[in-house]
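Structure first, commentary second.
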2 protein chains.
Amino acid sequence: MKVETAKKVEDAAAWRKYSENVLPPLLQAALDSFVEHGYHGTTIRTVAARAKLSVPGLYHHYASKQALLVAIVQFAMTDLLVRSEDAVAEAGSSVEEQFRLLIECLALFHAHRSELAFIAASEIRSLEGESRTAHIKSRDKQQQMVDDIINQGMREGVFDAEHPKDTSRAIVTMCTGIAQWYRRDGELSPEELAVRYANIARMTLGVGPGSRRESVLTAPTPVLTDARGRPDRG
Amino acid sequence: MKVETAKKVEDAAAWRKYSENVLPPLLQAALDSFVEHGYHGTTIRTVAARAKLSVPGLYHHYASKQALLVAIVQFAMTDLLVRSEDAVAEAGSSVEEQFRLLIECLALFHAHRSELAFIAASEIRSLEGESRTAHIKSRDKQQQMVDDIINQGMREGVFDAEHPKDTSRAIVTMCTGIAQWYRRDGELSPEELAVRYANIARMTLGVGPGSRRESVLTAPTPVLTDARGRPDRG
DNA sequence: TAACTCCTACCGAGCGATCGCTCGGTAGGA
DNA sequence: TCCTACCGAGCGATCGCTCGGTAGGAGTTA
């Protein structure tokens with residue numbers, strides 16, 4: 001019972017924790033190359049060299065260049081969806097809180113995992129066959145989560161928007177857009193940015209930054225963790 | 001004098017007018033290919049075939065594949081900047097109106113010229129040398145225009161934002177993001193979308209959709225024009 | 001314990017296809 | 001005689017990918 005409670009508390013905050021080097025070295029090399037030159041602009045030789053492997057050495061691990069992209073994109077979409085569901089679950093039954101945490105989660109992901117999110121968004125057209133279909137489905141599901149919460153908030157009279165569907169898209173777009181410009185060496189930490197974006201998003205729904213502005217995220221909670229998931233600062 | 005006034009009135013609304021087929025056929029073929037497969041995913045043979053030209057025929061008009069991209073991107077950034085300046089100029093001295101028209105202009109451009117805007121944003125990394133530098137400079141200038149108006153509005157007490165800089169970036173991102181998802185066959189016309197986005201943007205600055213919601217854009221002003229710049233409907 | 005058989009984890013060399021681009025033309029109007 | 005507007009053929013480079021290996025560790029047998 002005691003253990004279960006502890007576990008539950010830990011799990012509840014799992015969506016906020018981002019460890020570094022989550023990708024195997026070879027996928028990380030591919031990701032870095034894709035970010036720099038795009039999928040078609042990247043050669044298999046570049047990726048292999050970056051991973052300190054020969055070309056056949058690379059093909060021992062992945063069947064094709066396409067397989068590298070698929071693995072990266074699938075990792076990204078699964079990670080985001082799991083985190084999003086955790087965030088909404090943590091919020092309980094309050095739509096306002098569900099919305100706030102979901103937007104924080106979205107912003108947090110696109111700042112912490114900006115390279116991953118950038119490729120997942122920009123290289124959809126380079127995905128072949130059903131990988132592309134599956135990816136688009138995930139994107140739509142992500143958008144739908146925000147739509148649903150906003151619609152629920154509208155019904156409850158908590159939110160006020162002239163065009164909820166457009167507002168929802170605008171909010172999701174501004175969050176996913178973070179991946180395009182966010183730099184780790186910039187002024188804002190992902191956590192600070194996420195709180196600000198959640199507040200901006202709330203404004204579009206007629207809810208001021210108002211109550212509970214001091215989110216748990218701004219408290220001294222350790223957020224960055226090492227490869228084993230343990231805090232490495234804070 | 002009379003002529004000059006008429007010209008001035010016409011010019012003042014020029015930023016709202018979008019004619020089709022603004023690009024020479026060859027550049028349009030290149031743009032369509034870049035949108036479908038990306039710059040590196042596009043072969044010069046594909047572009048040539050699309051333009052009903054042989055490969056040497058293509059090279060008669062443009063020196064290289066890179067030159068095609070540069071021409072497209074330069075056209076896009078010049079068009080947007082000129083329109084933005086016209087929009088702000090039309091607004092007169094009211095920051096609130098300057099902001100509203102600038103956001104409408106931004107949204108309008110990214111909906112009407114979504115392919116152009118999409119490539120200009122996503123293929124920056126494929127630009128070589130000073131073309132890339134020049135393009136980034138233009139992007140920054142565009143962002144700066146919004147920053148400046150928001151800052152002015154803050155000083156005048158018209159706008160209220162906790163973090164004006166972040167709000168500004170969020171607004172610009174959500175507008176440029178239109179190019180990623182907008183479809184001409186969707187539910188909203190570019191003009192309807194632009195009005196909605198301007199209102200959403202105003203909300204983030206603590207200004208309700210409020211006054212003057214019926215913008216000139218929703219009035220029966222003809223907006224689409226033919227290749228010669230004349231209205232073709234309305 | 002030495003020899004043998006697997007297995008994983010690679011690599012040097014290179015294949016066929018395709019890439020961006022060019023050479024040396026032609027056709028037709030001024 | 002130019003010039004513009006093209007094109008068939010093809011060059012050298014590079015692409016994604018593969019062939020036929022080797023190195024070394026684990027497990028099995030004599």
Side-chain angles (χ1 to χ4, degrees), chain A residues 21-75 119-120 122-132 135 227, chain B residues 21-75 119-120 122-132 135 227:
Chain A
N21 303 321
V22 276
L23 290 178
L26 183 47
L27 280 191
Q28 187 63 50
L31 176 59
D32 292 343
S33 301
F34 292 164
V35 167
E36 261 178 60
H37 311 108
Y39 176 74
H40 287 296
T42 297
T43 76
I44 220 70
R45 274 163 250 258
T46 310
V47 177
R50 210 166 196 145
K52 279 160 189 164
L53 242 57
S54 67
V55 171
L58 182 152
Y59 279 97
H60 176 73
H61 296 279
Y62 290 89
S64 63
K65 186 184 173 185
Q66 177 74 196
L68 288 168
L69 180 61
V70 170
I72 287 170
V73 158
Q74 277 182 352
F75 179 91
I119 291 307
S122 63
E123 296 293 359
I124 306 181
R125 63 184 167 190
S126 304
L127 283 171
E128 298 160 8
E130 59 183 75
S131 301
R132 190 214 229 100
H135 182 66
Chain B
N21 304 322
V22 276
L23 290 179
L26 184 47
L27 278 191
Q28 187 63 50
L31 176 59
D32 291 343
S33 301
F34 292 165
V35 168
E36 261 178 60
H37 312 108
Y39 176 73
H40 287 296
T42 296
T43 77
I44 220 71
R45 272 162 252 258
T46 310
V47 178
R50 211 167 196 144
K52 279 158 188 165
L53 242 58
S54 67
V55 171
L58 183 151
Y59 279 99
H60 176 72
H61 296 279
Y62 289 89
S64 63
K65 185 183 172 185
Q66 176 74 198
L68 289 168
L69 179 62
V70 170
I72 288 170
V73 157
Q74 278 182 353
F75 178 91
I119 291 307
S122 63
E123 296 292 359
I124 305 179
R125 63 184 168 190
S126 303
L127 283 170
E128 298 159 9
E130 59 183 73
S131 301
R132 192 217 227 97
H135 182 67

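Order of the sequence lines sets the chain letters (A, B, ...), proteins ahead of strands, with each chain counted from 1.
Rounded to whole Å, the distance from OH on B/Tyr59 to P on C/dC23 is 13 Å. Whole-Å rounding puts the A/Leu26 CG to C/dC10 C1' distance at 12 Å. Remark: C1' of D/dC17 and CD of A/Gln66 are 14 Å apart, rounded to the nearest angstrom. Protein atom OH of B/Tyr39 is 14 Å distant from nucleotide atom P of C/dC19, rounded to whole Å. Between A/His61 atom NE2 and C/dA9 atom P there is a gap of 6 Å when expressed in whole angstrom units. Between the CD1 atom of A/Ile44 and the P atom of D/dT18 there is a distance of 11 Å, rounded to whole Å. The distance between atom OH of B/Tyr62 and atom P of D/dC6, rounded to the nearest whole Å, is 12 Å. Distance, B/Leu53 CG to C/dT26 P: 20 Å, rounded to whole Å.
Considering every non-hydrogen atom in both B/Ala29 and B/Val47, the closest pair reads CB-O, 3.9 Å. Across every non-hydrogen atom of A/Ile72 and A/Ala30, the tightest pair is CD1-CB, 4.0 Å. The two residues B/Arg50 and B/Ser33 make their nearest non-hydrogen contact at NH1-OG, 3.3 Å. Across all non-hydrogen atoms, the minimal contact from B/Leu58 to B/Ile44 is CD1-O, 3.9 Å. Of all heavy-atom pairs between A/His37 and A/Thr42, the closest is CB-OG1, 3.9 Å. Shown here for B/Arg125 and B/Ser122, the closest heavy-atom pair between the two residues is NE-O, 4.1 Å.
Distances shown here put a side-chain N or O of A/His60 below 4.0 Å from the OP1 or OP2 atom of C/dA9. An OP1 or OP2 oxygen of D/dC15 is reached within less than 4.0 angstrom by no side-chain nitrogen or oxygen of B/His40.
Side chain of B/Gln66 to backbone of B/Ser126: a donor-acceptor contact under 3.5 angstrom is found. Here the side chain of B/Glu123 pairs no donor or acceptor atom with the backbone of B/Leu69 at under 3.5 angstrom.
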task: List the steps, then state whether side chain to side chain contact (heavy atoms under 4.5 Å, CB included) holds for B/Phe75 with B/Leu27.
output: CA-CA 10 Å; B/Phe75 178 91; B/Leu27 278 191; 5.9 Å; no
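Within 4.0 Å (heavy atoms only), A/Thr42 reaches sugar-phosphate atoms of the nucleic acid but no base atom.
In DNA chain C, stems built from 3 or more consecutive Watson-Crick or G-U wobble pairs, each with both distances under 3.5 Å, span C:1-30 with D:1-30.
Residue B/Lys65 places its side chain closer to C/dG20 than to any other of D/dG16, C/dG20, D/dC6.
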task: Could you run through nucleotides 13-18 of chain C and give me one letter per nucleotide, 5' to 3': B if any protein heavy atom sits under 4.0 Å from the base, S if only the sugar-phosphate is that close, - if neither?
output: -B----
